[in-house]
Amino acid sequence: MRDGVSPHFAIIYQVSGAVIGELMQTEQDTLKTTPNRLHPKQGEVIDRSTTIRFTFDGVKYIAHPGDTVASALTAAGVKVLSRSFKYHRPRGLLCCAGHCPNCLVQIGDEPNVRACMRSVEAGMDVRAQNVWPSLNRDLLSLTQLGSRLMPVGFYYKTFIRPKKLWPLYEHTLRHAAGLGEVDIDTPSGKFDKQYLHTDVVVVGSGPAGISAALGAAEGGAQVLLFDENSALGGHLRFTVPLHSSLPSQVSKDLPELLEALSQQPNVTAFTDTSVLGWYQDNWLCAAKGARLFKIRTKSVVVATGAYETPLIFDNNDLPGVMLGSAAQRLLHLFGVLPGRQVVIVTANEDGWDVAADLQALGVNVAAIVDEREHNACSSPYRDGLANIGVPVFYRHTIREAIGSSAVSGAKIVRLDGRGEIAPATTQVLQCDLIVTSMGWTPATELLYMAGGKSEYSADRAETVPVSTPPGIYVAGRAAGIHAVDSQITEAWQAGSNAATFAGFGEFDELAAQASDISEPRRTSERVCVPGKKKRFVCYCEDVTDEDVETAIAEGYDSIELLKRYSTISMGPCQGAMCSMNTIHLCARANGRTVQETGTTTARPPIAPVTLGALAGQNVEPVQTTPIHQWHLDHGANMMVAGLWLRPNHYGDPAAEAVCVRKQGGLIDVSPLGKLQLTGPGVPKLLERIYTNQWHNLRVGRVRYGVMCNDEGVVLNDGVCAHLKDETWYMTTTSTGATAVFEWLQWWLQSGWGEGVHLTDLTDTYAAFNLAGPQSRTVLEKLTARNLANKAFPYMRIRSAKIADVPCQLLRIGFTGELAYEVHCPSGYALHVWEALMDVGRELGIAPFGLEAQRILRLEKGHIIVGQDTDAMSDPLSANMAWAVKLNKPDFLGKPSLMRISAEGPKQLLVGFKMVDPDVVPAEGLQVVAPEVDGRLKIIGWVTSSRFSPTLEEAIGLCWLPADLASQNGASFTIRMGGDLKAAHVHHGAFYDPSGERLRM
Amino acid sequence: MSIQLIRQAFNGNRPPPKMWRSHELKEYYDVVIIGGGAHGLACAYYLAKEHGITDVAVLEKSYIGAGGSGRNTAIIRSNYLTSEGVRFYNQSVKLYEQLSDELNFNVMFSQRGHLTLAHTDGGVNTMRRRAEVNQIEGVDSRLIFPDDIKSLCPYLDVSDHPRYPILAALYHPPGGIIRHDAVVWGYAHQADVRGVHIHQNTEVTGIKVQDGKVTGVETTRGHIKTGTVLNATAGWASTITAMVGVKLPLTTIPLQACVTEPLKPFLDVVVVSGSLHVYISQTDRGELVMGASVDPFSSYSMAGSLAFLEGIAGHVLELFPSLSHVRILRQWAGICEMPPDYSPIMGFTPVNGFLIDVGWGTYGFKASPIAGKTLAELIATGKPPILIVPFRLSRFEENDLVGEKGAAAVGH
Amino acid sequence: MLLLTCPNCGDRNVSEFRFGGEYGPRPKDPSATSDAEWANYLYMRHNVMGAQTEWWHHSDGCGLWFLAERYTRTNEVIKTFPYVKRDA
Amino acid sequence: MNTSKTPIKLTPLYSIAQRLGATFTEQRGWRIPEVYTTLKAEIAAAQEGLALADETPNGKLLLEGDQAESVLMDTLKLGALKVNEGHDGIYRLRNDLFFISTPPGREANARKKLTTASAAAEQFVTVTDITHGRAEIRVIGPDSQELLSKVCGLDFHPSAFPNETAKQSSLAKTTQLIIRRDIGGVPAFSIIGAQSLGAYIWDTMVEAGREFEILPTGRAALAALGV
């Protein structure tokens, strides 16, 4: 066994009397004592050598390291830990295993903590939840006075009229509901995740789980063993298994098993780790504190054990009513007495074990109430307990728990020959603890998620697995096997089979078949004892058996409808305590069998898991350009653009725009998509994916192109340069780069790829656009290349060394000015940028950001795909008809565009100016036309708008009906606030419409 | 307090009235509705109530509300992008506002307000566009900024967050949440009262068509003769429509959701973030109900995925950093049939008598009352009401898609 | 999490892949299609609850677009295979 | 024409190293951290714990084409490689795609050689230098497998990911090429991905590696380790 395991046998016997004495002296007025703490005993998990303090609702308590909040409070005699969800009834420890809602508390800023699972830490601030004003005097419990008016689903039938009062009712309902509180100042915390890969996963480390792990590891498989408890061993940690054919040996089972495990290097064990779910292809998820594990395994052994099933009887939720296994956990793990005088209610030998345990540790067993006949009991303690005078009531059961906020007695009743309550046989027994051991519900969530199926066995009154998918194995109580020696032998085989499935060893058909284990019935079919008070089926939601009957009578008669209407099993326990009992009640009410009634779907997570653990370490990719730090150092205001962080401006975007027009500016456009296409097939491909012509583009030239999908919708735009004979260089929009790359890969790989290789160079080159009348002058100082207009005209590409770095220069730009786009290898980016800035600064060049670029491009009437167009826009409508050549052969979108062309676009994207030049209509505002009835009809909308610092007036782009858009100067109105503002259509660029400046 | 409850309280052992009854399958029904969800049951109810057509069978292969009706995150709103969408959903909200009263069953419509967050300039523009369209169509909806967002929802992190800053939000006061199952049960009850036969556990296995006209339906419980069949099966719509040989523009994709343990109330509005693919609200019981965008690939499987939980947890904490200790209790999935233009497909098909109410994607539950009502009118009168004309199947061939698609995709 | 076998890289978590939708070839001669045929190609889908042939892209891996056959009800993958151009 | 400075190449992790107070050295025109903390500590981290190094200057070529394999075999006398296998810095990523890793500064020569060879063989093979396009970060040390298991779903056990193999996968939600390149028996993995994501990957690894006391490691320590 490798790390991850901390054997719990480190027993420290010495009680540090001095420390406790000191504490008692100084704070005896306020500090609670621990009257229920037993003497040290073997197997306990607490460290008695030290004492730590914590508070519960402001009162100070002491605990030992290893104590849970619940065990420490029980040691101090605290019985009420919470109030119920609907009626605010007092609730105490029920399962002590983290499966029920009864001990949910707030610890500091953490809501809904299971007190029975959380170890005490010094200074912990534990508080009761959902109580007002306090746990012991919760006025909200008055709601039960009206409980007859609040049957199941009462809220569907009330507060309907008058309608206007519903918000008030709702407010009251909301504030009475809910459990723990979220503290707005909770820090985000540190969480992380880890992927694990293994051959076999074993879930649950009871005798079956450990044995299965050993069986699998022996075969050579790597095994991961998980347990939600703080130590390995499962029920062997707190039970003395006597129902074995080898009674003298099994008491040593756990130490032996743990020893064998520690010798086995192939097993890695994880304690305090809840397996949360099974997902497709044996993908498991588990949580250990702040870490989430994602596990890929070849096979799984489900050794998850069973939930002890509560009995439904009058006041069965009273603090002091506890499951047998809970009492044993308190006794053996924490040395805590759950009560002083106990009535045991049982239907199996497990109840007798608990009785013997309690008796031996000084609890007075007031009675054992066994619903079976005398001769059905085969407990080895039977005679011993009877001999020392423990009263035993065979063929009896409990009728009612007596007490107001804790148990003070038990009303028991005799059963007649048919198992019905015999009239006038009630007796009252004094006690402060009622322990029920009525049987088990196998914990089959994981099995069901994996596609396994169970059937109800009426003989056993339990469900037993009947089919498991390949690679999934079940062992131990989850498989209906209760006897420890059978658990160990069967589970070994299950583990071995799991290893075989994972590819270790030959499959042994005979050995693989589970032998027919004959198990005595341990579980009672009696789930409910009728009575006159409240009997809770579902502790989370305060649903009683009468509620279940009422719901079924109303028509919510299938288990799924019943669940949704009554909210049974939808609370924090997720059905662990109530699902089997509900199915029995549902079956009975419908006159059907348990098997016919079926179950609800098992859904992850099996144990509640924090959002923090699921989120893990914060990993949100961020892309930065090679000169990111320069931008930060120069006061850039950064903005998020897709995954990129880019400078929006450096302080004054309008001034940056003016500077570009007057002298020049430099913008970092490194995020542009850059794709290299090589091979003889490139021209043919370009013809197919762009809407315009490409075969005639000569080397050294650059052309603008629009890409559409087959719907004719604009996907992307950019330029493509013919670099060399068979080499082309394509640019795309920055946020569309990945999508275009995948799009091209798809067409290349699905039939259009002949003679074309595609390489993504987006990150290989940084790109800067140097724009403005001075740009040539700047560049000339850094290169030997002839930049004269004739040698290097508009829409051309040239290789050149800039500041001694080999670059590609593209004479293109979005700004409408003379401009050069410098593409240089990314590693040289800062060198080239700084060289351009150093030279440019003297000539008045300044850096500019995206906002200035948006102003400049709008002045030119250039569109931005994705802002001015959306997922419905075609290029013919979006003012790009000039880039569509419908007379060339097939290309993407052609049939759709042919149709749009034939029918004529309905809407057109067009420029506009405002009548009032100072009014800038915000992007997203609607173009409207008043109708005769005064209503407004929407006829278009504004996609882009800015105040142009160059023209000193508001300009923009908008969608308009085609007939209106096609009339230059036509008037229309834009709705702004309550007013309608007049605008008129503007055809062509707002600035330099003839395009002289970029051809200078 | 309702008389009904008081009566129930003091009636002792008398069983409460049945919400709906079981029936033998009849040989003939005037109308057969396939799918016992909110849409199918609402349609049956309005057929009976408003058009006197009561010889109606609702066939449900499982239990009523087993599909999307019981698996959605119960958000109701009408702040859509297009006029067609806004008008349609506004009528739906109006019907929802009266529904508790109309059905005499409290569906707990909580109009607590709905916030759609914008994290980028482009997002702000889209929200403004929606606010404007909404206002013009008479729907209460407006753009608000961080100070107002903070006061409506103090737990949201509106600080200068590096990754997904909250720049603005579309605030839609009439939006809210509802008890989704109650809508199903309420309609089922009132349809049952009016004579509609609700057949649960009755799966359709075939549809008979003669000379281009529907003549009957085959089920696991036997054959039914009818001349009118409505396919209201949402995620399964393609499988039912394939029975009459018609192909639909649909892809079925799971949509997942999850719920936390109950918490004391702290979140009073519905919060949605498109960029982070998350929506979150707190139920009256105190649980947080959270959903995301549809799954990354098509499927009819309703097994949830871990990737969904991981993703939504990260995104919720991005918005609400103080929720890291809050525990997820349960996850689930439903299936959605996504059309290409994010708008429903309602009305006639090439097969006479076979009508569809499909293409409901992730926005079907919100439309239940108005979809039921308009389809009932279509079935009763044979004429499509003006509200659903834009949603006809033939729009795809006519190249006249609905513009909701414009806002849904493309995110530069 | 579903495991998908990239014909190039082998078994990987499905989160490494991008789904490309149900397989449906582009009409051979788009200019000869009717509006209905073109709409059928663009929008109509079999959307079967059963075995579906579909496109996947190993986007976080080798960049291969390939085909898979998968049961859409259970997500069980029957097989994955590289696309082979049927006729040039 | 005036140029004041000699061009120097910077990696996407340069600013991070500056902030950490690294001393720098030059490697084939690249400015690269020499030492971040102390040479001794960095060597110890690599040998006994976990170290993180910026190896972006390594040359990186892509060789694409159906005949790429035969060109490689002809020029380099290379034996056949299966997908994911590597030899002498040549890794097969797909049937028609190879990744070639060279020592810093050697990429131009390698490229020329391969281009000439494919031209001579009249094969349609494309050789592309992507050295500047990819950040290359190496995690070194006994804990490197465990560190990677926190950010990537691949199985890093030597049986599943042997030395000198290369896989492309998702790491911290980004696409990365991961090559196992042990150093003198110490496990080590090179993570090669878009340079624009380099700083993000570095920060993510540092955060995930905190529990292992991960230490940035400079050129000096790598040299001492024989890299």
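Here the structure is a predicted model, which is why all the values come from computation and not from measurement. A, B, ... follow the sequence lines: proteins, then strands. Residue 1 opens every chain. Keep in mind that the numbers below use all heavy atoms, side chains included, and drop hydrogens, waters and symmetry copies.
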message: Tell me whether the count of non-hydrogen atoms from other residues, nucleotides or ligands lying under 6.0 Å of NE2 in A:His175 goes above 12.
response: yes
- line: Of all heavy-atom pairs linking A:Arg564 and B:Arg179, the shortest is O-NH2, 3.0 Å
task: Return the minimal non-hydrogen interatomic distance between A:Ile160 and B:Ser100, and the atom names on each side.
output: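 That closest heavy-atom pairing would be CG2-O, 3.5 Å.
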I'd like to check [X] versus [Y] (side-chain heavy atoms, cut-off strictly below 4.5 Å). Are they in contact?
| X | Y | result |
| --- | --- | --- |
| B:Ile64 | A:Leu561 | yes |
| B:Gln135 | A:Leu936 | no |
| A:Arg174 | B:Lys264 | no |
| B:Leu306 | A:Lys294 | yes |

- request: Specify which of B:Gly304, B:Pro262, B:Gly286 makes the most heavy-atom pairs with chain A at under 4.5 Å.
  value: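 Among the listed options, the one with the most contacts to chain A is B:Pro262.
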Heavy-atom proximity to chain A below 4.5 Å, by part of [X]:
| X | value |
| --- | --- |
| B:Glu97 | both |
| B:Tyr155 | both |
| B:Pro340 | neither |

- request: Could you tell me whether a side-chain N or O of B:Arg285 sits under 3.5 Å from a main-chain N or O of A:Ala177, the two making a donor and an acceptor?
  value: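 Checked: no pair found.
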field: Geometric class of the B:Phe105/A:Tyr156 ring pair [parallel <30°, tilted 30-60°, perpendicular >60°]
entry: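 Geometry flag for B:Phe105 against A:Tyr156: parallel rings.
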task: Start with the C-alpha distance between B:Phe109 and A:Trp166, add both sets of side-chain angles, then the distance that settles ring-ring contact (aromatic ring centres under 6.0 Å, His included), and finish with yes or no.
output: CA-CA 9 Å; B:Phe109 185 19; A:Trp166 162 241; 9.8 Å; no
- prompt: Picking from B:Leu288, B:Leu267, B:Leu263, what satisfies side-chain contact (heavy atoms from CB on, under 4.5 Å) with A:Val182?
  reply: B:Leu263
query: After noting the C-alpha distance and the side-chain angles of A:Glu923 and B:Thr126, does the key distance pass the side-chain contact (heavy atoms from CB on, under 4.5 Å) rule?
result: CA-CA 8 Å; A:Glu923 290 163 356; B:Thr126 305; over 6 Å; no
- request: Flag the pair A:Lys163 and B:Asp101 as a salt bridge only when some basic side-chain nitrogen lies within less than 4.0 angstrom of an acidic carboxylate oxygen.
  value: no
